[in-house]
Amino acid sequence: MKTPDIRVPQKPFIDRQHFPYGLKKSGDFSITEANLLSQYGKTLAGLESGELTPETADEAHFVAMLKGEEAADNSLEKAWLKYIKLARGRKQFYTLHSTASNQSDYDDDYSDDEFDVA
């Protein structure tokens, strides 16, 4: 794999709000993806927010990819898109009973008189 020409910050990228146990232990990312995000994440977040300006062709391509002008063509850009989807997207919530929110509709029909046991 070609090393991207993107600045490496001094500190690793950590998102405790969305991944409290870390990117590697979240189970959402492969080891390679977690390592790339940890290594380059602060720079990518700065480029996305506009705090940093692109200095290399890879950084300019990353910004263009975020704007939808280019397609993601390397594993770092694909990992960042996956991070955005998981961190900022809507979380799926599953229940055992699909009509659990409608349970109050059935509570009004219940009466103790029907089950009077002598």
- Task: Say whether, by atom type as modelled, one donor and one acceptor occur between the side chain of Ser26 and the main chain of Phe19 under 3.5 angstrom.
- Result: no
- Item | Closest non-hydrogen atom pair between Glu48 and Ile84, with its separation | OE2-CD1, 3.6 Å
- Message: Donor-acceptor check, side chain of Glu69 to backbone of Met65, threshold 3.5 angstrom: yes or no?
- Response: no
- Message: Tell me if a side-chain donor or acceptor on Ser38 pairs with a main-chain N or O of Pro12 at a distance below 3.5 Å.
- Response: no
- Closest heavy-atom contact between Thr53 and Glu59? O-OE1, 4.0 Å
- Note on the structure: All heavy atoms of Lys11 vs all of Lys42, minimum pair found to be O-CD, 3.5 Å
- Expected output: side-chain Glu33 to main-chain Ser30 donor-acceptor under 3.5 Å: yes
- Query: How close do Ala34 and Lys24 get, heavy atom to heavy atom, and via which atoms?
  - Reply: CB-CG, 3.6 Å
- Message: Show, in sequence, the C-alpha distance, side-chain angles and deciding distance for Phe13 and Leu23, and conclude whether the side-chain contact (heavy atoms from CB on, under 4.5 Å) test is met.
- Response: CA-CA 9 Å; Phe13 177 69; Leu23 297 170; 4.2 Å; yes
- Report the C-alpha separation of Tyr83 and Asp28 in whole Å, then their side-chain angles, then the decisive distance to 0.1 Å, and conclude whether the side-chain hydrogen bond (donor to acceptor under 3.5 Å, both in side chains) test is met. CA-CA 9 Å; Tyr83 165 77; Asp28 295 318; over 6 Å; no
- Query: Can you name the nearest heavy-atom pair linking Val63 to Pro54, along with the distance?
  - Reply: CG2-CG, 3.8 Å
- Message: Let's go through Leu66 and Phe62 carefully: what are the C-alpha distance in whole Å and the side-chain angles of both, what is the deciding distance for side-chain contact (heavy atoms from CB on, under 4.5 Å) to 0.1 Å, and is it a yes or a no?
- Response: CA-CA 6 Å; Leu66 290 175; Phe62 176 77; 3.3 Å; yes
- Query: Which heavy atom of Asp5 sits nearest a heavy atom of Thr56, and at what distance?
  - Reply: O-OG1, 2.6 Å
